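Throughout, numbering of the chain's residues begins at 1 and tracks the sequence. Predicted, not measured: the structure shown is a model, and the values here were computed from it.
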Amino acid sequence: MTTKLFINARIHTPVDGGAPAGGAKQGRLAVFDPGAIFVKNGIIERIGPEKEISADLVRGRIYQLIDCKGRCLVPGFVDPHTHMCFAHRREAEFEMRIAGTPYLEILKRGGGILASVRAVREASAEELFQKTLARAISALGMGTTTLEIKSGYGLDVENELKMLLAIESVDRATPLDVVPTFLGAHAVPEEFAGDADGYVSMLVDEMLPAVKAQGIARFCDVFCEKGVFDIQQARRVLEAAAKLGLRAKIHADEVHDLGGASLAADLRAVSADHLLAADMAGVKKMGAAGTVAVLLPATAYSLKTPYAQARTIIDAGVPAALATDCNPGSSYTESMPFVMGLAVMQMDMTPAEALTAATLNAAYAIGEAERVGSLEVGKQADFLILDGQSPAMIAYHAGVNPVAEVFKRGECVTCSR
């Protein structure tokens, strides 16, 4: 039996009320200063004011005492939207885009998402695993303790299954909890050029049953956007996935308002992500349906586009989460602190709202809130010690990693003690 008492901490955590936090609730944190956490076998057994926790512990009880030295302690970050499993970076394409080359021209020159598809198809499962593993470990060092990773660069049965296998292997090989999502509807592959309906039929009839039989993916996602998959095609895929037990997520209204937010609400999707062009009526429907709005500020930063209307979304009572969207094309970052800093400085979120978005609401966006996302009795002891006295340090100390130590199930996974 392993027991630990963490003392002398400035604890800031959202409180799980049984649903993602929207509206004014998103900015409310429980604060214990000084606070203490008592951990038993990786699970939080007690948390609260240090004097109260210390006084209630039975004298003579054996535990390891860890002094947090007055630093801020927050839940481990949850990254609910990544495309971290890919074979090659697209660095040259980034330079072309910064120089003003239109995306369609980049596609003509062999770039874009289909370049990533070709690279994944050529890569072995072991190569995919090793490259994804390196990115996941990088994310862990910056405070991410739970991570979603999508497939979507295979776009056929063999290679989508290969990607999901690599993603599952990262879960087994690291302290991270990794949540796999099937994104076969990420783009129309070259062999189905001009025949999106034909590809959707193949996806529904062949790919989804194979994914279900493999038993790795927990969610099914669709890129619902003009020139990719329309509302009817997205609905067809997600409804077919639901019949197989895969919960719905959706890339919605990133560039054009196709009604993806409303579709997410109709299907009671666990999340709708991007939402830069979403109609607010559809976003409000999401809030009523319990669908989390996952915002991706690093993507807007990379593409030099306007940021999502986080202030409007939160004030409308819709729970907002944050994610990196880590991918080789439009958002190559594993850093949740960077994303949170952008949310505070560019999207008018408060540090408290950003923390809730990167922890509790993000956990709800991938169905993990029963275990992680807040520091409460019965949840995993996944938390971070920051190099600072409050969550504001994450945005305040820009351009560096504010995370001093990362604890997963009560064990420090980035330091030696």
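The ring of F94 has its center no closer than 6.0 angstrom to the ring center of Y332. Aromatic ring centroids of F383 and F6 lie under 6.0 Å apart.
Among residues two or more places apart in sequence or in another chain, the side-chain contact (heavy atoms from CB on, under 4.5 Å) test is passed with A278 by D253, A261, L275, V283. Remark: D315 pairs with R311 by the side-chain contact (heavy atoms from CB on, under 4.5 Å) rule, at least two apart or across chains. Taking the side-chain contact (heavy atoms from CB on, under 4.5 Å) definition, one finds that V406 meets it with L140, T145, L384, V403, V413, T414, sequence neighbours left out.
Ion pairing between R371 and D177 holds under the 4.0 Å rule for side-chain N and carboxylate O. Salt bridge status for E239 with K243: absent, with no side-chain N to carboxylate O gap under 4.0 Å. By the 4.0 Å N-to-carboxylate-O rule, R118 lies close enough to E190 to be salt-bridged with it. At a threshold of 4.0 Å, the pair R97-E95 does not count as salt-bridged, since none of the basic side-chain nitrogens sits closer than that to a carboxylate oxygen.
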I would like to know whether I11 and D33 meet side chain to side chain contact (heavy atoms under 4.5 Å, CB included); could you show each step before the answer? CA-CA 6 Å; I11 299 173; D33 185 8; over 6 Å; no

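The minimum heavy-atom distance between L296 and A323, with the atom names listed, is CD2-CB, 3.5 Å. For L147 against T82, the heavy-atom pair with the smallest separation is CD1-CG2, 3.6 Å. A272 and T291 make their closest contact through N-CG2, 3.6 Å (heavy atoms, listed as atom of the first residue, atom of the second, distance). Counting all heavy atoms, side chain and backbone alike, P14 lies closest to T359 at CG-OG1, 3.5 Å. The shortest heavy-atom contact between R236 and D197 is NH1-O, 4.1 Å.
Two residues are said to be in side-chain contact when any heavy atoms from C-beta on lie closer than 4.5 Å; E254 and F223 meet this criterion. Contact annotation: the side chain of L73 never approaches that of R10 to less than 4.5 Å [non-hydrogen atoms, C-beta and beyond]. D325 has its side chain within reach of H274: a pair of non-hydrogen atoms, C-beta onward, lies under 4.5 Å apart.
In summary, the side chains of H256 and E225 do present a donor paired with an acceptor at a separation below 3.5 Å, with no hydrogens or angles considered. For the residue pair K249/S271, the side-chain donor-acceptor check at 3.5 Å is satisfied. Between the side chains of T324 and D79, at least one donor-acceptor pair of N or O atoms lies under 3.5 Å.
No donor-acceptor pair closer than 3.5 Å links the side chain of N159 to the backbone N or O of G154. For the pair E368 (side chain) and G373 (backbone), a donor-acceptor distance under 3.5 Å is absent.
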